**Q** 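Starting off with a structure, shown below.
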Amino acid sequence: MALKIVKGSIDRMFDKNLQDLVRGIRNHKEDEAKYISTCIDEIKQELKQDNIAVKANAVCKLTYLQMLGYDVSWAAFNIVEVMSSSKFTYKRIGYLAASQCFHESTDVIMLTTNQIRKDLSSPNQYDTGVALTGLSCFVTPDLARDLANDIMTLMSHTKPYIRKKAVLIMYKVFLKYPESLRPAFPRLKEKLEDPDPGVQSAAVNVICELARRNPKNYLSLAPLFFKLMTSSTNNWVLIKIIKLFGALTPLEPRLGKKLIEPLTNLIHSTSAMSLLYECVNTVIAVLISLSSGMPNHSASIQLCVQKLRILIEDSDQNLKYLGLLAMSKILKTHPKSVQSHKDLILQCLDDKDESIRLRALDLLYGMVSKKNLMEIVKKLMLHVDKAEGTTYRDELLTKIIDICSQSNYQYITNFEWYISILVELTRLEGTRHGHLIASQMLDVAIRVKAIRAFAVAQMATLLDNAHLLTGNTQRNGICEVLYAAAWICGEFSEHLENPMQTLEAMLRPKVATLPGHIQAVYVQNAAKLFATVLKGEEGNTDGTAAQEASQLMIDRLPLFVQSANLEVQERASCILQLVKYIQKLQQKDVEVAEEVDALFAGELNPVAPKAQKKVPVPEGLDLDAWINEPPSESESEDEQPKAIFAKEEPKHSRPRHTEVDEKELARRREARKQEQANNPFYIKASPSSQKVYQEAPGVEHIPVVQIDLNVPLKVPGLPMSDQYVKMEEERRQKERAEKKKKEKKKRKEKRSGRGKKHDSAPESEEDITPAHMVDIVTEEMPENALPSDDDERDPTDPHKALDIDLDRPLADSEKLPVRSHRAAEAQKSPTDGETENATLQEPKKKNSKEKREKKRDKERDRKKSKEEKKKKKHKHEDKEEDLLGGQADEPVLQSEETSQVAEPPTSSSTTAEVSDLDFWLSNAPVPSNTQEAATVAAAAPEPSVTAPDSEPDEPKDTEMEETKSSKHKKKKQKKEKEEKEKKKKKKHHHHHHHSDGAGEESVQNGTVEEEEPLPPMSNYCLLAENSYIKMVYDIQGNLQDGSQVVVSVIFENKCSSFLKSMEFNVLDSLNSKLQRPEGSGPHDGLVVPFQLPPGVSNEARFVFTVQSIVMPQKLKGTLTFIVKNEDDSTHEKLDFKLHFTCTSYLITTPCYSDAFAKLLESGDLKSSSLRLEGVNMPFHHLLARICFHHHFSVVERIDSCASMYSRSIQGHHVCLLVKTSAQTVSIDAKCDEPTLLGNVLDEIKQTFSQC
Amino acid sequence: MIKAILIFNNHGKPRLSKFYEHYNEDTEQQIIRETFHLVSKRDENVCNFLEGGLLIGGLDYKLIYRHYATLYFVFCVDSSESELGILDLIQVFVETLDKCFENVCELDLIFHVDKVHHILAEMVMGGMVLETNMNEIITQVDAQNKMEKSEAGIAGAPARAVSAVKNMNLPEMPKNINIGDISIK
């Protein structure tokens, strides 16, 4: 055996390996293709051998050839062979090859399923790793379905190396097999808090990727991500999270409010440019989402703009580029703050880097105002002259036009200037955008009536100098301009000073070299000009001029009659004949001008580009309905011969009602006429649009400013737009002066009256009046046009399938297909009952929870069967649920009757989730309730849900009977309350941190709807305070670790200086110790991971380990910090006492009445009791207080008696029976640790004695 | 998401191509060619981002590249990636190569493209960033190489000897990739 191996490897020595292949290719530079084809032949031979080493070597070479562009799919089966080798070396080669050339349509992929599964469960982590890496590149829907469960198991692998890969690949699995998302999501979420930073980062990565496509489904994760953001130090993770928040904020403005502060802190504190940049980006996103409702975030904007300025001024081109990119985002909502950096951006136009110049151009677009438009465009024109490379110059050209024409020429005060800019642009050599300039000329000339005379004059000059534009046939792009020029001169020829001259220019033989469509316009408009000339000569007795014109036409037109272009030819010959006839008439001295002019009478109105699309569909018209029944087989032959047309366009065929009588027809005709009269698009004898025009003030009424145009027009080579800039400047100055005068006058008049006005108010936008009255004709739109927002998502987008509600509890039916013998049925319904892996899906919840879980599903299913199914779901899942729903229907309905609640129940967990987020968001803008807090809040109300008028035997069945209507009401109430709350206590937000949300939560769940709302509550109590800083804190037990509690401290900067270098230190006791990072001594302080700008507050969390929890304890501590003023900084310190109450060791834990009963029966518990006198608060308030302040949950409530439960972090059960009568409350309590119980009761007593 | 990672030299010869979405071989080659044309005509001191346009994926995608000595490292990424982050990642990639190959040069990439793939697989998986910590990457790569060596054992010895002989007459090749001066942002 050994000999055989050695022999094999000796054979192999002389095989070509990858290095030899590469070397060979390099040595055969001339006949590379030939050499490679011989190599491929060799490889084919090698692949036929049995030796796996040889095969692996061959596959390795194929991978290289694949990179060079050779198709190697023919070797797919050999690749699978190599993949299945037991040796890692070969396996890796195989998987690499597969990852490079397998794809969904590779058919051998289906052979790999079992091999991959084997590798995934290999004891060698690198086998698993290699398989995961490979799979990530070629996973197919089938593989995803079959392996999803295996990969999910790997997500909890002991090795972080495997975990992170498994987590990451889940994204690919989700994409290919969307059904796996819901079952796998809880575990994915868990991985967000994995101890290994790599795994954590992978989980963040996947969720961010998911959330980016369907952000709304992930809003409920915001608190968790928020916590990660404030705690993580990994910049990669931070960047991802911050980017994710950028995607979430548009959906939830409250989130934005919460984000601003920590992000601002990060911006201040981070040194990593990448992080800084993303923070700025997200702050911008937040500001955009808030821009409507929020009063003032100018500080944040200023900060962003200021940081971006630093980026843009950096010598690093990358930072410059990104700075400009981000700036353009701010521009959309806060143009003013960007405009102040105009200098910088104009400077960037000179940058040698084209990308940067383009970015700067983008910015300029949004920065123009009436005031600076001319100046900016002037600068751009200079750049146009300097620009090298046509692409950039074309970009400049389009930008100039974009800038000027934006929002309906809003910023243009002087259209003469604009026309001259357009004319100047025509001198650009080799631009592709002639048509753009042309369409602008047309647009302006048509819509700005006042400018027509000027435009026509300019266009006439252009036509006269057409040779300048067309001189070089290469630059044909620009000759499009002539199209516009010719049309404008023709259409508005009444403004021409010398139509004859223009006519002559338009009929020059050189015109024949222009493109056909331009020639056609020339010919048609020559006719218009001709008509004008005739009309002009009307009164003259001497008709020579008119006859000259006819002669000119007759002389020149034959050139066009011979044109190869049909359009030109047709128009030319028509007009030629017409002119000949006219000439005849002229010779007979007949007055023809009137008739010729009538040929071109009327005005064309601009129509909006989308007008046609926006015509609303009339009511009752269904465009998709058949007008005729589609021709059926049985249709008689003679009624409608089966013509080709009828088949092709069944929709267009006219209805054929043979039995319609005359009256009916007449009625319809009338209706149609009515309809047509109202339809702006129906062409009638006297179109209404034209009427509209005629009613509008005529051109004559518009005052046209006299400008001496002679100089610039006669010398077309000279730039003249500059003159307008100067003129405009003067005009504005004059205006300003006049205004001042007026104002002074006014003030003189009013001096006795009101107070002073600011004299030198800066010239505002509105102050600039246009040079002359400009009437911009708006484009016509159909009446009641529909808004067009047809921004549909790409139907092929794979992410669409991942738009799945993740907050809904898992149904039994939603399970990942478990490995089984590949029976066809098993695959089709992966929902088969309770298979072995049922536990996998609900990893943590068992025992009593399982029951609950199931019941919930039933509830949900029932609800589902009642409600309309809104969401698209996979077919078999749906089926399954219907089945379940059917089963569940009966018992639940019964319970519904007994509890007399008619409203449809909702899934309580969804409610919890939703209100959870609401609660988190509704709090003060301080980083607060981190996951634990949130879960506590979520867990607390849940079990306390009892039926309003209780059926003690059936608490379970009714506990979900949360009525929708009550929920709505409560929500409303809550909101109103919050608003009031905010108004009242704007400054002390975080004092009632948990309050409005959690408090009401308990009310909502634990009581009937009519009971009055709770007062605000907070668990945060004062830790210490001085003139600089105020600290409040809350202590929560750690669910996972029985020896840990988490102290959340909110630091609030009360002074007007910057607080930094805060260090939090506590004198440890034997029992309780502050957890410090590894390597630091027992007396070292912990650095608070943020700085506090004035007025800002932020939360930090400290973990303490405790040994015994039966006694309350106090720890002494000190906070040191540096107060930084503008010129000096001082060290300050603040002492405090941390009070660990026994309550803080309790964790709200749900408990069910049966389990509760068992617990009490067990007899392991010691009892104690407490009486409270003079408590005058509603019972539900009392319960809510105990729940909230002491972390209990209501097990059952019957009238004025309730049982409550909680558990300590070390597993002690604490049970309470609370009764109330009159103003006395008696609490009987049981616990397995009497000391703890005593202390807890003392604390409860204290709580109630305080109020 | 990262859509593709390309390495090619100053003449546009591909040294590594990793597409995280399937294209056929011709399209891949065309993408490499066009990317090279876009990237190679840019000056040294301009920014490292290029709007890829219609080349791969459309407007959402950017080309982020770095040029080291004779090689271009180009990442094609969508908007979910941080531009500066990817630049860092390229730097980490190159530094890792430098450590693994001991003064990496183009020749290493030419002859050991498979190894480069293996290193890359520890950094990026299926288009998503897997690991950015260089030490962690190197540890994993080394561990796998060790395994490979132990598997080869005695049987591998003759093959190694032969390849050592074959490598003796390699021509003088281009200098090292110079990774010195670019600081990580």
Side-chain angles (χ1 to χ4, degrees), chain A residues 5-6 8-10 12-13 17-20 22-23 60 63-64 66-71 87-89 92-93 96 100 103-104 126 129 132-133 136-137 161 164-165 168-169 171-172 198 202 205-206 208-209 212 235-236 239 243 272-274 277-278 317-318 320-322 352-356, chain B residues 1 14-20 22 24-26 28-29 42-43 45-51 79-80 82-85 87-88 110-114 117-118 121-122 125-133 136 140 143-144 147-148 151-152 154-159 161-163 166-167 170 185:
Chain A
I5 292 172
V6 171
S9 67
I10 288 174
R12 240 176 64 207
M13 296 182 341
N17 64 13
L18 174 62
Q19 281 76 34
D20 299 322
V22 174
R23 200 171 295 127
C60 187
T63 314
Y64 182 77
Q66 196 272 342
M67 182 182 79
L68 297 185
Y70 290 86
D71 176 29
K87 274 197 178 176
F88 173 73
T89 318
R92 184 154 78 156
I93 292 173
L96 174 60
Q100 289 295 87
H103 50 93
E104 280 199 16
Y126 292 113
L132 284 173
T133 307
S136 72
C137 291
Y161 178 72
K164 72 180 175 192
K165 287 197 167 189
L168 215 51
I169 203 179
Y171 178 64
K172 294 276 173 168
N205 218 333
V206 170
C208 288
E209 226 20 89
R212 203 166 72 92
N235 280 355
W236 270 95
I239 287 174
K243 271 193 165 259
M273 279 302 189
S274 44
Y277 174 67
E278 296 304 339
Q317 298 285 323
N318 292 329
K320 199 174 259 195
Y321 174 86
L322 293 175
K352 55 192 176 303
D353 188 347
E354 194 176 300
S355 317
I356 286 173
Chain B
M1 289 277 279
R15 294 302 176 215
L16 175 126
S17 67
K18 181 88 213 167
F19 289 87
Y20 293 103
H22 178 70
N24 66 30
E25 275 75 14
D26 292 338
E28 285 185 7
Q29 292 304 308
R42 292 175 64 83
D43 287 338
N45 49 5
V46 299
C47 74
N48 297 104
F49 315 118
L50 258 177
E51 268 125 284
S79 60
S80 74
S82 143
E83 290 89 346
L84 294 172
L87 274 183
D88 286 357
I110 295 173
F111 285 106
H112 302 286
V113 65
D114 48 342
H117 268 297
H118 298 322
E122 295 301 324
M125 190 174 119
M128 281 179 291
V129 178
L130 178 68
E131 183 60 71
T132 50
N133 181 343
E136 172 71 14
Q140 303 299 351
Q144 293 177 55
M147 255 180 73
E148 197 175 280
E151 275 182 358
I154 300 175
V162 168
S163 80
K166 280 176 184 164
N167 280 336
L170 274 181
K185 297 258 151 45

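Since the structure is predicted, the reported quantities are computational estimates derived from the model, not experimental observations. Throughout, a chain's letter reflects where its sequence line sits, starting with A, and its residues are numbered from 1.
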**Q** What part of B:N45 is in contact with chain A, defined as an atom under 4.5 angstrom from a non-hydrogen atom: side chain, backbone, both or neither?
**A**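 Both the backbone and the side chain of B:N45 come within 4.5 Å of chain A.
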**Q** Under a 4.5 Å heavy-atom cutoff, which of A:S136, A:C137, A:G198 has the most pairs with chain B?
**A**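 The candidate making the most pairs under 4.5 Å is A:S136.
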**Q** Does the pair A:Q19 and B:H112 meet the rule for a side-chain contact (heavy atoms from CB on, under 4.5 Å), with working shown?
**A** CA-CA 7 Å; A:Q19 281 76 34; B:H112 302 286; 3.3 Å; yes
**Q** Counting only heavy atoms closer than 4.5 Å, note whether A:F88 contacts chain B via side chain, backbone, both or neither.
**A**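 When you check distances to chain B, atoms from both the backbone and side chain of A:F88 fall under 4.5 Å.
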**Q** Mind telling me whether B:H22 and A:H103 have parallel, tilted or perpendicular rings, with 30° and 60° as the class edges?
**A**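 Rings of A:H103 and B:H22: parallel, as their planes differ by under 30°.
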**Q** Measuring heavy-atom distances to chain B, does A:K165 have an atom under 4.5 Å in its side chain, in its backbone, in both, or in neither?
**A**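 Both parts, backbone and side chain.
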**Q** Tell me, side chain or backbone of B:Q29 under 4.5 Å from chain A's heavy atoms, or both, or neither?
**A**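 Side chain only.
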**Q** Side chain, backbone, both or neither: which part of B:D114 has a heavy atom under 4.5 Å from chain A?
**A**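 Contact with chain A is through both the backbone and side chain of B:D114.
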**Q** Does B:E136 have any side-chain contact (heavy atoms from CB on, under 4.5 Å) partners at least two apart in sequence or in another chain, and if so, which?
**A**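 Applying side-chain contact (heavy atoms from CB on, under 4.5 Å) to B:E136 gives A:K164, B:E131, B:N133, B:Q140.
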**Q** In terms of heavy-atom pairs under 4.5 Å with chain B, which of A:T133, A:V22, A:L168 leads?
**A**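 Most heavy-atom pairs under 4.5 Å with chain B: A:L168.
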**Q** Below 4.5 Å, heavy atoms only, C-beta onward: do B:M1 and A:Y171 meet side chain to side chain?
**A**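 A side-chain contact exists here, since the closest heavy-atom pair is under 4.5 Å.
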**Q** Measure A:E104 against the heavy atoms of chain B and call it side chain, backbone, both or neither at under 4.5 Å.
**A**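 For A:E104, no heavy atom lies under 4.5 Å from chain B.
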**Q** With a 4.5 angstrom heavy-atom cut-off, which part of A:Y70 approaches chain B: side chain, backbone, both or neither?
**A**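 Only the backbone of A:Y70 comes within 4.5 Å of chain B.
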**Q** So which residue, A:I239, A:L322, A:I356, ends up with the most heavy-atom pairs under 4.5 Å with chain B?
**A**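 Ranked by contacts with chain B, first place is A:L322.
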**Q** Go through the steps for A:Y64 and A:Q100 under the test side-chain contact (heavy atoms from CB on, under 4.5 Å), then give the verdict.
**A** CA-CA 10 Å; A:Y64 182 77; A:Q100 289 295 87; over 6 Å; no
**Q** Side chain, backbone, both or neither: which part of B:R42 has an atom under 4.5 Å from a heavy atom of chain A?
**A**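 Contact with chain A: side chain only.
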